[in-house]
J.: 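Starting off with a structure, shown below.
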Protein chains: 2
Amino acid sequence: MNNYHHGNLKEELIECACKLCERSGYTKLSIRSLAKESGVSQTAPYRHFKTKECVYAAVATVGFKKLSEACNIDVEKKATKKQLVKAGYRYIEFGLQNANTYDLMFGTAVGNFADYPDLLESANKTYDSFRSSFSKLTNDSEDIIAFKCLTLWSMVHGLVGIIRKVHVVGDDLKNPSDGPISSARMVADNLEQHLDMVINGLISN
Amino acid sequence: MNNYHHGNLKEELIECACKLCERSGYTKLSIRSLAKESGVSQTAPYRHFKTKECVYAAVATVGFKKLSEACNIDVEKKATKKQLVKAGYRYIEFGLQNANTYDLMFGTAVGNFADYPDLLESANKTYDSFRSSFSKLTNDSEDIIAFKCLTLWSMVHGLVGIIRKVHVVGDDLKNPSDGPISSARMVADNLEQHLDMVINGLISN
DNA sequence: TTATATATGTTAGCAGTGTCAACATTAAAT
DNA sequence: ATTTAATGTTGACACTGCTAACATATATAA
């Protein structure tokens with residue numbers, strides 16, 4: 001009960017890392033700053049995370065859980081097309097509003113998910129519920145479902161990346177001067193059309 | 001003509017940076033290693049690049065030029081749907097075969113393209129030729145074209161990201177143990193179907 | 001209960017990094 | 001020919017990931 005041992009360091013480090021990553025991006029996160037924030041010595045985090053990449057993996061794991069919640073795909077009920085469009089919309093919203101965390105989840109900072117069982121499981125759950133919902137909209141075979149699911153996922157994933165990167169104004173690509181969110185708003189009005197169009201193509205084919 | 005001045009340092013640094021970035025990823029690149037490779041002092045690169053991000057921007061600039069070439073969209077001739085599908089295919093191929101460079105072009109390592117005029121121009125050219133080709137397939141208004149173009153671009157961009165990240169095997173996402181290229185091959189057989197499906201949806205609507 | 005083993009935290013330090021200031025040398029401009 | 005600007009060098013600072021050696025608290029077992 002002495003304060004030599006923190007008692008809850010790992011959880012606090014993860015929480016702190018999530019906050020720091022989302023606020024400033026994962027490149028700005030250092031083990032040392034993490035330790036300082038938790039009022040602990042520079043190398044204490046190494047008792048809980050072998051490398052910095054392990055910290056990234058922990059943040060990404062939390063990220064996938066949040067993404068699942070955000071999309072809020074209810075596997076029990078029969079999914080409708082409208083629900084699916086909404087899930088796609090929420091996916092994009094999540095990607096834009098948690099851009100730095102999203103980088104960690106889909107970028108290269110965490111090399112191989114297989115090295116991080118929790119992360120792998122968290123990512124799989126997200127995808128499974130996505131695919132499971134999709135399968136209820138069609139009588140296609142599993143192969144075709146996987147195929148179409150990949151198409152749709154690529155669509156929303158790609159939109160997150162592109163929207164964040166550019167304004168599409170006339171003939172030019174321009175960087176958003178006012179942040180990704182308002183850049184997204186430009187597209188948001190048409191976003192459901194995008195999704196609807198693609199989903200229609202998929203489920204009617 | 002003495003060897004105190006290198007004479008061609010900037011070009012050599014860029015070339016070297018491109019090579020190192022593509023080989024090992026941009027995180028492994030250091031100004032110092034770059035200088036060493038060019039046989040010059042540690043801080044010499046700072047005469048040509050104010051910060052490390054400027055080096056990244058230079059690599060990304062070259063990347064966009066290569067991407068344009070790879071897609072090989074001939075603006076003069078009238079584009080066909082087949083050509084467009086092929087361009088999409090080549091886009092994905094480029095993204096997979098130059099994954100590390102692609103990260104630099106579409107990731108967050110280079111913050112604001114507007115800070116790097118060459119990069120902005122290079123990126124704009126790539127997009128312009130893409131959009132220009134697309135516009136020849138339809139009689140839609142410019143707004144609709146931009147809208148559909150964004151959809152298609154997101155599609156291929158998203159596929160690059162997703163294919164690199166995962167194997168889709170049954171119910172699970174699995175990391176490719178044998179690198180992104182062979183992971184892509186798994187999808188490659190159906191890739192033209194993907195693109196064809198989406199493009200059909202776009203130009204027939 | 002006491003002894004031991006394990007988990008967790010600390011201190012000191014290495015090798016590497018981006019970046020800057022001050023200085024040296026060469027090429028370009030006047 | 002002299003000045004100026006461009007380019008390269010040296011030395012240094014603050015920061016980083018990470019390791020080894022040591023300290024302390026907690027869990028386990030005798």
Side-chain angles (χ1 to χ4, degrees), chain A residues 1-21 23-60 100 103-104 107-112 115-116 118, chain B residues 1-17 20-21 23-60 100 103-104 107-112 115-116 118:
Chain A
M1 212 51 85
N2 204 317
N3 69 348
Y4 185 95
H5 284 88
H6 181 285
N8 197 34
L9 185 53
K10 187 170 187 180
E11 280 73 15
E12 188 167 322
L13 287 173
I14 292 176
E15 200 177 336
C16 188
C18 287
K19 230 174 277 176
L20 280 179
C21 275
R23 186 160 55 221
S24 321
Y26 68 89
T27 50
K28 299 294 180 193
L29 179 120
S30 72
I31 300 278
R32 283 159 136 95
S33 68
L34 217 53
K36 199 170 203 173
E37 193 85 11
S38 296
V40 95
S41 81
Q42 293 182 349
T43 59
Y46 283 93
R47 296 295 150 199
H48 301 279
F49 301 97
K50 202 165 192 319
T51 68
K52 200 184 177 184
E53 187 174 318
C54 297
V55 177
Y56 288 158
V59 175
N100 287 327
D103 282 342
L104 226 33
T108 52
V110 180
N112 193 341
D115 294 337
Y116 309 97
D118 288 356
Chain B
M1 211 53 83
N2 205 317
N3 69 349
Y4 185 97
H5 283 89
H6 181 285
N8 197 33
L9 186 54
K10 187 170 188 178
E11 280 72 17
E12 189 168 321
L13 287 173
I14 293 175
E15 199 177 335
C16 187
L20 280 179
C21 276
R23 185 160 55 222
S24 321
Y26 67 90
T27 50
K28 299 295 180 191
L29 179 120
S30 72
I31 300 277
R32 284 159 135 96
S33 68
L34 218 52
K36 201 169 203 173
E37 193 85 11
S38 297
V40 96
S41 81
Q42 293 182 349
T43 58
Y46 282 93
R47 297 294 149 200
H48 302 279
F49 301 97
K50 203 164 192 317
T51 68
K52 200 185 179 185
E53 187 173 320
C54 297
V55 177
Y56 288 157
V59 175
N100 287 326
D103 283 342
L104 226 33
T108 51
V110 179
N112 193 341
D115 294 337
Y116 309 97
D118 288 357

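Only a predicted model underlies this, so the values are computations on that prediction, with no experimental measurement involved. Protein chains get the first letters and strands the later ones, always in sequence-line order, with residue 1 at the start of each.
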J.: For E12(A) and dT8(C), give me the distance from atom CD to atom C1', rounded to whole Å.
T.: 15 Å
J.: OH of Y26(A) versus C1' of dG17(D): gap in Å, rounded?
T.: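 Whole-Å distance recorded here is 16 Å.
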J.: Any chance you could measure K50(A), atom NZ, to D115(A), atom CG, to the nearest 0.5 Å?
T.: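 Interatomic distance, K50(A) NZ to D115(A) CG, rounded to 0.5 Å: 12.0 Å.
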J.: Report the distance from atom CZ of R47(B) to atom P of dT10(D), rounded to the nearest whole Å.
T.: 13 Å
J.: To the nearest Å, how far apart are K36(B) NZ and dA15(C) P?
T.: 13 Å
J.: So, using side-chain contact (heavy atoms from CB on, under 4.5 Å) as the criterion, who are the partners of C18(A) when residues are at least two apart?
T.: I14(A), V59(A), V62(A)
J.: Between the protein and nucleotides 17-19 of chain C, list the N/O to N/O atom pairs that are separated by less than 3.5 angstrom.
T.:
unit_1	atom_1	unit_2	atom_2	d
dT17(C)	OP1	S30(B)	OG	3.1
dG18(C)	OP1	I31(B)	N	3.3
dG18(C)	OP1	K52(B)	NZ	3.0
dG18(C)	OP2	I31(B)	N	3.1
dG18(C)	N7	R32(B)	NH1	2.5
dG18(C)	O6	R32(B)	NH1	3.3
dT19(C)	OP2	Y46(B)	OH	3.2
dT19(C)	OP2	K52(B)	N	2.9

J.: Quick one: side chain to side chain donor-acceptor pair (under 3.5 Å) partners of T108(A), sequence neighbours excluded?
T.: none
J.: Would you say dG9(C) has OP1 or OP2 under 4.0 Å from some side-chain N or O of H48(A)?
T.: yes
J.: Could you work out, with ring-ring contact (aromatic ring centres under 6.0 Å, His included) as the rule, every residue matching Y116(B), not counting sequence neighbours?
T.: none
J.: Rounded to whole angstroms, how far apart are NZ on K10(B) and C1' on dG8(D)?
T.: 16 Å
J.: Does T27(B) have any side-chain contact (heavy atoms from CB on, under 4.5 Å) partners at least two apart in sequence or in another chain, and if so, which?
T.: none
J.: List, one per line, each side-chain donor-acceptor pair under 3.5 Å for residues 34-49 of chain A, sequence neighbours excluded.
T.:
unit_1	atom_1	unit_2	atom_2	d
S38(A)	OG	L34(A)	O	3.4
Q42(A)	OE1	R32(A)	NH2	3.2

J.: Starting at CG of L9(B) and ending at P of dT25(C), how long is that distance when rounded to a whole Å?
T.: 19 Å
J.: Just how far, in rounded Å, is P of dT8(C) from CD of E11(A)?
T.: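 Going from CD in E11(A) over to P in dT8(C) covers 10 Å.
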